[in-house]
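A short worksheet on the structure shown next.
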Amino acid sequence: VQEQGGLITKDDLGRWRVRPGMARMTRSVLLGDDHAATTRMLRIGSIVVALLLTVLVWAGAAATGRADTWLLALALVTGTALVTSGVIGWRRRPGSRIGPLLVVAGLLFLANGLQVTPWPVPFTLGIVVGESFLNVLGLALLTFPAGRTSTRLESVLAVVIVGLILPGWVLPSLFSDPFDTCPSCPRNLVLLADVPTVLDALALVATIGGVVAAAGFVVVLSGKWRSA
């Protein structure tokens, strides 16, 4: 053990002691280093996942021919741009959650493209994810620039926006058979039953929730605009 800057001292009996309060400070510094390392790995992992999704979507589209090449390229560029901008914002402003939200939105955008692949697992993932990236982008817009809600109304709207992912995208994938509209598509692995009435009910819930969220959005954004 070495004495560094008086943080560790010897007592009258020659035993090493950590100065009062320094143990907690040292622990905080170590935890901060661990958090920074974890965040760095998450950013790197996000880029890797985005690249893998891009390659998978492009290869799947080439195998099926179900997507226009230029539109697909534009979509992939958009998704990777969202992830990249999110990673940059995450690195420059680690205290804001907007960066991570943009990363999640970009990854969901790319995952939605998996519906053009001929393989059941990625195809099913694309169906489950759907266009839920819109919900995440809405959440980022609602909580900009800190990425956190600041009022009770914003908190309620955030819950509604995230909650709409279930009736809007996830639950319909359990009751919709893609074979009805796409005979050449692979099997939906999470399909429980093809029940149009359930889909109609979920669509109604999602529509009502969407109208409520849109109205709340207008109120919140107009308030922010007036106070800017």
Side-chain angles (χ1 to χ4, degrees), residues 41-42 44-84 86-87 100-140 159-211 213:
M41 291 302 298
L42 287 175
I44 295 173
S46 300
I47 296 175
V48 172
V49 173
L51 292 176
L52 291 176
L53 287 173
T54 300
V55 172
L56 193 59
V57 170
W58 187 266
T64 61
R66 290 202 304 266
D68 179 85
T69 301
W70 291 106
L71 291 178
L72 180 63
L74 179 61
L76 294 178
V77 169
T78 301
T80 52
L82 274 174
V83 174
T84 303
V87 167
L101 286 174
L102 290 180
V103 169
V104 173
L107 293 177
L108 291 175
F109 186 92
L110 292 172
N112 180 46
L114 293 173
Q115 295 182 57
V116 301
T117 63
W119 310 294
V121 173
F123 175 79
T124 301
L125 178 60
I127 293 179
V128 173
V129 167
E131 296 180 0
S132 56
F133 65 89
L134 294 174
N135 299 67
V136 180
L137 287 177
L139 185 61
V159 172
V160 172
I161 291 172
V162 175
L164 284 175
I165 293 178
L166 287 176
W169 311 112
V170 177
L171 294 180
S173 66
L174 305 178
F175 304 98
S176 176
D177 189 355
F179 185 78
D180 295 339
T181 56
C182 181
S184 62
C185 288
R187 186 165 59 94
N188 177 8
L189 298 179
V190 298
L191 177 65
L192 298 179
D194 190 8
V195 187
T197 54
V198 173
L199 293 177
D200 293 339
L202 291 173
L204 178 61
V205 172
T207 301
I208 295 175
V211 171

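Scope of the values below: all heavy atoms of this structure, side chains included, with no hydrogens, waters or symmetry mates. For this chain, numbers begin at 1 and follow the sequence in order. Every value quoted in this text rests on a predicted model; they were computed, and no experiment measured them.
In this structure Leu125 satisfies the side-chain contact (heavy atoms from CB on, under 4.5 Å) test together with Leu114, Val129, sequence neighbours excluded. In terms of the side-chain contact (heavy atoms from CB on, under 4.5 Å) criterion, residue partners of Val104 (sequence neighbours excluded) are, by chain and number, Leu108, Val136.
Between the Thr64 side chain and the Thr117 main chain, no donor and acceptor come within less than 3.5 Å of each other. A donor-acceptor pair is defined here as one N or O able to donate and one able to accept, closer than 3.5 Å; no such pair exists between the side chain of Arg187 and the backbone of Phe179.
Between Ala61 and Val116 the shortest heavy-atom distance is CB-CG2, 3.9 Å. For the residue pair Pro167 and Pro172, the shortest heavy atom distance occurs at O-CG, 3.2 Å. When all heavy atoms of Leu137 and Ala105 are compared, the pair lying nearest together is CD2-CB, 3.7 Å. Pairing each heavy atom of Pro122 with each of Leu56, the nearest pair is CB-CD2, 4.0 Å. The heavy-atom pair separating Val160 from Ala213 by the smallest distance is CG1-CB, 4.2 Å. Across Pro186 and Pro178, no two heavy atoms sit closer than the pair O-CG, 4.1 Å.
Counting heavy atoms from C-beta on, the side chains of Ile127 and Val190 never come closer than 4.5 Å. Under the 4.5 Å side-chain criterion, counting only non-hydrogen atoms from C-beta, Gln115 is not in contact with Cys182. Side-chain contact check for Leu189 versus Val121: some heavy-atom pair is nearer than 4.5 Å.
Within the structure, the side-chain hydrogen bond (donor to acceptor under 3.5 Å, both in side chains) test picks out no pair touching residues 189-208 (sequence neighbours left out). For residues 116-137, the ring pair (Phe, Tyr, Trp, His ring centres under 6.0 Å) pairs, not counting sequence neighbours, are Phe109-Phe133. Pairs of residues two or more places apart, or lying in two chains, that qualify as side-chain hydrogen bond (donor to acceptor under 3.5 Å, both in side chains) and include a residue from residues 166-185 are Asn135-Trp169.
For the side chain to side chain contact (heavy atoms under 4.5 Å, CB included) criterion with Leu174, the lone passing option out of Leu191, Leu192, Val128, Leu202 is Leu192.
Here CG of Leu107 is found 12.5 Å from CG of Asn112. Values are rounded to the nearest 0.5 Å. Taken from CG in Leu166 to OG in Ser132, the straight-line distance is 10.5 Å, to the nearest 0.5 Å. We find the OG1-CG distance between Thr84 and Leu102 to be 11.0 Å, quoted to the nearest 0.5 Å.
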Residues 70-81, side-chain donor-acceptor partners within the protein, below 3.5 Å, at least two apart:
from, atom 1, to, atom 2, distance (Å)
Thr78, OG1, Leu74, O, 2.8
Thr80, OG1, Leu76, O, 2.9
Thr80, OG1, Val77, O, 3.0

TODO: For the pair Val49 and Leu53, evaluate side chain to side chain contact (heavy atoms under 4.5 Å, CB included) and give the outcome as yes or no after the intermediate values.
DONE: CA-CA 6 Å; Val49 173; Leu53 287 173; 4.0 Å; yes
TODO: Determine, stepwise, if the pair Val57 / Leu110 fulfils side chain to side chain contact (heavy atoms under 4.5 Å, CB included).
DONE: CA-CA 8 Å; Val57 170; Leu110 292 172; 5.6 Å; no
